[in-house]
Number of protein chains: 2
Amino acid sequence: MENEVKKMNQHWTDIYYHLHYPHDEKITHQVIRILQHVQKQPNVGVNDIADYINVSQNTASEHVKRMIDKALLKKSRSQSDERKVILCLTEKGEEVLFRNTSLDEEKLNHIFKSLNTEEKELITEAFEILGERSKQCLSP
Amino acid sequence: MENEVKKMNQHWTDIYYHLHYPHDEKITHQVIRILQHVQKQPNVGVNDIADYINVSQNTASEHVKRMIDKALLKKSRSQSDERKVILCLTEKGEEVLFRNTSLDEEKLNHIFKSLNTEEKELITEAFEILGERSKQCLSP
DNA sequence: AAGATTATATCGTTATTTACGATGTATTAT
DNA sequence: ATAATACATCGTAAATAACGATATAATCTT
């Protein structure tokens, strides 16, 4: 059981290493993590980011500012509370996040073409199950 | 088919978002990528890194220097050619890479416990297949 | 053996990033 | 009216990242 998990992680990192996009942009982990958080959680504000990446509020604010300057994020205010900022990804933000966390669709397609129907179904279903179950874990 | 791939990427990012370790260290993408490359490829030297992350040779050399200072990498020289540096990960390097690219074993274990035997086998096999096939793609 | 090539290292420099404490400014709550 | 909340900005400090130029040592070529 323990072992299954370790092997799976082995495959997980192999898959990412071989199938990720060539990420040529110079981007930090913090920025990626902010993009992820904004994409996956609703109504993320500056303080949520500070908590999530574990920095002070002003630092988070500056991250957000820089990311808006780079057109990765858009900012609006909550209707119910005008103090609160609501962030969302710009198209560019989506794209940068995609290129830095997803698998290369071309390569994936290539692999899928080499699989038989049974294997394809197997993989599709495995990811469906794991994707759903992961959401039920406590959010990070 | 195209659609299968897109859905899979959706699950891929969901899984990572929900199951990654809380990475508290401030680390750049470049450093992670260097760690990955050194771990997954044999006999990586300074120039290999420069090519891989697309920077000039001196920049790569300085990355390596900083990473050695931080005890993420170890350096030795090739026996057959004393000019060539051979890099490998220190234990700390392995650990940092693990915490920044793998899935949280505890969370994975928790999920595995909630799966029935059939689902477990499904997932295990899916990752085995995908892990193997990904290695046959052209290396990045 | 001299010169060229290769692999890496170092230096000087520049720009950007990252983070924090302190302080300021709206907006909402009491 | 005052306090609390959510965010923004300023000043500052340290680290990072990148490059061109130059240096060094090992290996290859002729």
- Query: Closer to the 5' end of DNA chain C via nearest nucleotide, is it S78(A) or V31(A)?
  - Reply: V31(A)
- Tell me, please, which residues at least two apart from N58(A) pass side chain to side chain contact (heavy atoms under 4.5 Å, CB included). S56(A)
- Got a sec, which pairs hit side chain to side chain donor-acceptor pair (under 3.5 Å) with one end in residues 75-84 of chain A, sequence neighbours left out? D48(A)-K84(A), S78(A)-S80(A), D81(A)-R83(A)
- Message: Filter on ring pair (Phe, Tyr, Trp, His ring centres under 6.0 Å), then keep only pairs touching residues 82-111 of chain A, sequence neighbours left out; what's left?
- Response: Y21(A)-F98(A)
- Side-chain N,O (H63(B)) to OP1/OP2 (dA18(D)) below 4.0 Å: yes
- Query: Once you round it to whole Å, what is the distance between C1' of dA17(D) and CD1 of I53(B)?
  - Reply: 10 Å
- Note on the structure: In B/S/- notation (B base, S sugar-phosphate only, - none; protein heavy atoms under 4.0 Å), nucleotides 2-12 of chain D written 5' to 3' is --BBSBBBB--
- Separation of dT16(D) C1' from E25(B) CD (nearest whole Å): 16 Å
- For Q36(B), enumerate each residue passing the side-chain hydrogen bond (donor to acceptor under 3.5 Å, both in side chains) test, keeping only those at least two apart in sequence or located in another chain. none
- Note on the structure: Nt span of DNA chain C in reach of chain A heavy atoms at under 4.0 Å, 5' end first, is dT17(C) to dT28(C)
- Query: For H29(B) and dA18(D), what is the distance between atoms NE2 and C1' respectively, to the nearest whole Å?
  - Reply: 18 Å
- Message: I want to check one thing: is the phosphate of dA15(D), taken as OP1 and OP2, less than 4.0 Å away from some side-chain N or O of R66(B)?
- Response: no
- Message: Under 3.5 Å, is there a donor on one side chain and an acceptor on the other for K40(B) and T13(A)?
- Response: yes
- Item | By side chain to side chain contact (heavy atoms under 4.5 Å, CB included) - contacts of E95(A) (at least two apart) | R99(A)
- Item | Set of ring pair (Phe, Tyr, Trp, His ring centres under 6.0 Å) partners for H29(A), sequence neighbours left out | H23(B), H29(B)
- Partners meeting side chain to side chain contact (heavy atoms under 4.5 Å, CB included) with K74(B) (sequence neighbours left out): C88(B), T90(B)
